[in-house]
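This report refers to the structure that appears directly beneath it.
First the proteins, then the strands, lettered A, B, ... as listed; each starts at 1.
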Amino acid sequence: MLKLLSSSSSCLHARAHIQQHPQINIIKLCSTISISENPSSLSFNLPLVSDLIAKQHWSELKTHLKDSTFITVLHQLIDSGADPELTLRYFNWAQKGQNVPRNIEITCRLLQSLSNAKKYPKMRAFLDEFVRRNEKHSVSSIFHMLSMSSNHFCANSIIVDMLVLAYVKNSKTNSGFEAFQRAGDYGFRLSKLSCNALLSALVKENEIGYVEFVYKEMFRRRIEADLYSFNIVINGLCKVGKLNKAKDVVDDMKAWGVAPNVVTYNTIIGGYCKLGGLGRMHKADAILKEMVANNICPSVITFNILIDGFCKDENVAAAFKVFEEMRRQGLKPNLVTYNSLINGLCCDGKLEEACGLRDKMLGLGLKPEIATYNALINGFCKKKMLKEARELFDNISERGLVTNVITFNSLLDAYCKNEMKEEAYELHNMMIERGVLPNTSTFNCLIHGSLRQGNIETARKFLQQMEAEGLKADCITYDILINALCKDGEPRKAERLLNEMFTKGLSPRHVTYNTLMDGYCREGNLKAALNLKTRMEKEGKRANIATYNVLIKGYCMQDKLVDANVLLNEMLEKGLIPNRTTYEIVKVEMMDKGFVPDIDGHLHNISSS
DNA sequence: ATAGGGTTAG
């Protein structure tokens with residue numbers, strides 16, 4: 001009963017749309033009248049045409065139809081109730097070689113006859129081809145046509161459902177989303193299959209706002225979400241750090257009687273691992289416990305996520321504990337496991353252990369990849385063990401691996417940072433010779449290297465070369481330049497670069513603003529520094545602890561201790577907890593000069609009272 | 001449907 005009600009109301013809805021577009025209606029009306037009211041005026045013999053199509057006698061058909069248009073024949077075939085597969089065959093033949101006009105109306109009618117005859121695989125192929133041909137038919141024109149030229153509501157729903165899927169499969173997610181949305185306007189029912197595909201594509205494109213919309217719409221339209229739908233949505237939310245919302249979806253799924261599985265838990269654990277901030281690994285660990293308590297067995301992937309998380313949290317010891325636990329449970333560590341651990345050890349400066357682990361994986365028959373070696377090379381570079389790094393670099397091809405841009409960048413950066421200009425340039429040339437294209441990071445290393453040697457001209461040359469090669473400056477390029485200018489006592493020039501970032505669609509990070517404020521503070525221009533703080537807040541970046549540290553220090557340097565205290569209070573009111581740097585500034589610059597802290601940590605100037 | 005590759009800045 002409910003279903004009946006909802007479909008009749010959508011018919012009304014569809015009708016309302018038609019009335020808004022009378023011009024389309026008239027065209028449709030004319031074409032129908034001219035053909036079906038005057039069948040005697042046809043200049044061809046329909047049964048003969050059908051027969052010729054069935055036998056694929058195309059040249060005969062062409063001769064026979066020479067006075068009729070493609071469109072007329074198609075309409076006639078459909079109206080006569082011919083086998084839709086025959087009509088489709090004729091359509092494809094005509095479209096392929098006969099230079100016929102693209103016509104959305106006839107396309108829709110053909111689809112409807114296929115849909116009524118339940119020729120689903122043919123429809124899928126047809127729609128796939130239709131979407132791939134990339135004709136400029138708007139989604140709305142397709143919907144208008146469909147709703148006008150048939151009263152078979154279910155047939156249309158199936159077409160629309162397949163259309164969404166075809167769009168998504170051919171990476172036209174925007175059109176897929178639009179079709180999804182319009183399907184709601186017209187009341188066409190979509191399957192969870194195409195909704196899931198759409199959700200998945202939106203997650204891949206980081207359009208999480210749309211993911212949330214589709215998810216909510218599915219409920220509203222009573223499209224039953226399944227385990228996949230929930231997991232995809234959870235993944236999308238985790239990807240952008242909306243862990244609380246992701247957990248709400250877990251509650252949703254439970255309420256709908258869908259039990260979270262290992263993928264659900266892995267996704268949430270991964271979400272916490274990627275989340276910045278303290279205690280994130282603790283939360284990830286808590287989910288692991290919850291999962292076990294719910295009788296969901298952790299998999300190799302679960303452990304890999306945790307191991308990588310702990311490594312990135314600079315807690316290799318905890319990562320190894322997880323590694324042990326993993327093996328205790330009889331799970332076999334794989335390449336990902338070892339790569340994460342090796343990278344963790346390298347970042348921790350434990351190069352012998354990292355190499356040992358590499359040997360161990362070789363012994364287990366796991367072949368290290370280029371990323372494994374990149375981690376090792378980078379590890380040696382960070383410890384200034386350039387000889388060892390170079391040795392690994394030179395031996396990579398012997399191991400059947402190919403150096404990539406990251407391999408080169410790691411070593412190149414190390415050369416730049418250790419004043420080995422010649423080696424750096426040689427490497428830059430070598431990568432070009434070997435066909436490894438330098439990227440923006442490569443140039444960032446070279447630019448930074450030149451600037452740190454005070455060679456502004458060379459830096460400018462690299463910047464120009466980079467742009468000449470079609471590479472765009474990124475946030476890091478700007479950070480490097482802004483930093484250098486501030487150190488040079490040129491914060492005004494640096495701020496011009498900040499402005500430039502916006503024109504290039506780059507959004508400066510907190511540190512960029514903080515660097516600039518520091519630049520102004522150093523030259524005593526507190527007003528400019530404060531203006532920057534206002535500006536960053538306007539641009540949606542909240543002042544952080546580092547921001548306040550820079551400003552408080554700036555005020556202290558000018559002996560404006562009362563103003564510094566105002567900023568300190570503001571920081572505390574915002575719930576920002578002073579760190580070690582704050583404390584050092586406050587201790588030396590304020591407490592030693594007459595300020596005394598009260599029980600809440602606020603400072604009071606006793607010398608003035 | 002879930003991991004992940006690693007480089008540049010700070």
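Which of B:dA1, B:dT8, B:dG4 sits closest to the side chain of A:Asp474 comes down to B:dT8. Of all nucleotides listed (B:dA3, B:dT8, B:dA1), B:dA1 comes nearest to the side chain of A:Asn231. Closest to the side chain of A:Ile406, out of B:dG6, B:dG4, B:dA1, is B:dG6. Set against B:dA1, B:dG6, B:dT7, the side chain of A:Ala375 has B:dG6 as its closest nucleotide. When each of B:dG6, B:dA9, B:dT8 is scored by its nearest atom to the side-chain atoms of A:Asp479, the top-ranked nucleotide is B:dA9. Residue A:Asp308 has its side chain nearest to B:dG4 when only B:dT7, B:dA1, B:dG4 are considered. Comparing B:dG4, B:dA1, B:dT8 against the side chain of A:Asn444 picks out B:dT8 as the nearest. The nucleotide whose nearest atom lies closest to any side-chain atom of A:Tyr228 is, among B:dA1, B:dA3, B:dA9, B:dA1. With distances taken from any side-chain atom of A:Ile476 to the nucleotides B:dG4, B:dG6, B:dA9, the minimum falls on B:dA9. Closest approach to the A:Ile232 side chain among B:dT8, B:dA1, B:dA9 is made by B:dA1 (side chain taken as heavy atoms from C-beta onward).
In summary, the side chains of A:Tyr265 and A:Asn294 do present a donor paired with an acceptor at a separation below 3.5 Å, with no hydrogens or angles considered. Donor-acceptor pairing under 3.5 Å is recorded for the side chains of A:Thr442 and A:Asn439.
Rounding to whole angstrom units, CG of residue A:Leu376 and C1' of B:dT7 are separated by 14 Å. When rounded to the nearest whole Å, the span between OH of A:Tyr215 and P of B:dA1 equals 18 Å. Between A:Met431 atom CE and B:dT8 atom P the separation is 14 Å, expressed in whole Å. The CG atom of A:Leu227 sits 11 Å away from the C1' atom of B:dT2 (whole-angstrom rounding). Straight-line distance from the CE atom of A:Met291 to the P atom of B:dT2: 15 Å, rounded to whole Å. Atom C1' of nucleotide B:dA1 and atom CD1 of A:Ile208 are separated by 14 Å, given to the nearest angstrom. Atom CG of A:Asn514 is separated from atom P of B:dA9 by 18 Å (rounded to the nearest Å). Between the CG atom of A:Asp313 and the C1' atom of B:dA3 there is a distance of 17 Å, rounded to whole Å.
Among the heavy atoms of the strands lying under 4.0 Å from A:Lys382 are primed sugar atoms or P, OP1, OP2 only; no base atom is included. At the heavy-atom level, A:Asn339 lies under 4.0 Å from base atoms of the strands shown. Nucleic acid contact for A:Asn334: base, since at least one base atom lies under 4.0 Å from a heavy atom of the residue. In this structure, A:Lys204 reaches neither bases nor backbone, as no heavy-atom distance under 4.0 Å exists between it and the strands shown. Here A:Asn304 lies in heavy-atom contact (under 4.0 Å) with a base. Counting non-hydrogen atoms under 4.0 angstrom, A:Asn196 reaches nothing in the nucleic acid. A:Val511 comes within contact range of no nucleotide atom at all, as no heavy-atom separation falls under 4.0 Å. A:Ile370 comes within 4.0 angstrom of a base, heavy atoms only. Among the protein residues, A:Ile480 comes within range of the sugar-phosphate backbone only, with heavy atoms under 4.0 Å from sugar or phosphate atoms but none that close to a base. A:His448 comes within 4.0 angstrom of sugar-phosphate atoms only, judged by non-hydrogen atoms across all strands, and of no base. No contact: A:Lys239 has no heavy atom under 4.0 Å from any strand.
Proximity of A:Lys192 to the phosphate of B:dA1: no side-chain N or O atom is located under 4.0 Å from OP1 or OP2. OP1 or OP2 of B:dA9 lies within a sub-4.0 Å distance of a side-chain N or O belonging to A:Lys417. Dashed line: the shortest gap from a side-chain N or O of A:Asn235 to OP1 or OP2 of B:dA1 is not under 4.0 Å.
Between A:Met253 and A:Thr264 the shortest side-chain heavy-atom distance falls below 4.5 Å.
The number of heavy-atom neighbours closer than 6.0 Å to NZ of A:Lys321, taken from other residues, nucleotides and ligands shown, is 12 or below. Counting heavy-atom neighbours within 6.0 Å of A:Lys574 NZ, excluding the residue itself, gives a total above 12.
Ion pairing of A:Arg535 with A:Glu495 is present here, as a side-chain N (NZ or NE/NH1/NH2) and a carboxylate O approach within less than 4.0 Å.
For a distance-only test at 3.5 Å, the side chain of A:Ser441 qualifies as a donor-acceptor partner of the base of B:dT8. Below the 3.5 angstrom threshold, one finds a donor paired with an acceptor across the side chain of A:Asn261 and the base of B:dA1.
Taken to the nearest 0.5 Å, the CD1 atom of A:Ile232 stands 9.5 Å off from the CG atom of A:Leu198.
A search for salt bridge (charged side-chain N to carboxylate O under 4.0 Å, His left out) contacts involving A:Arg542 returns nothing, not counting sequence neighbours.
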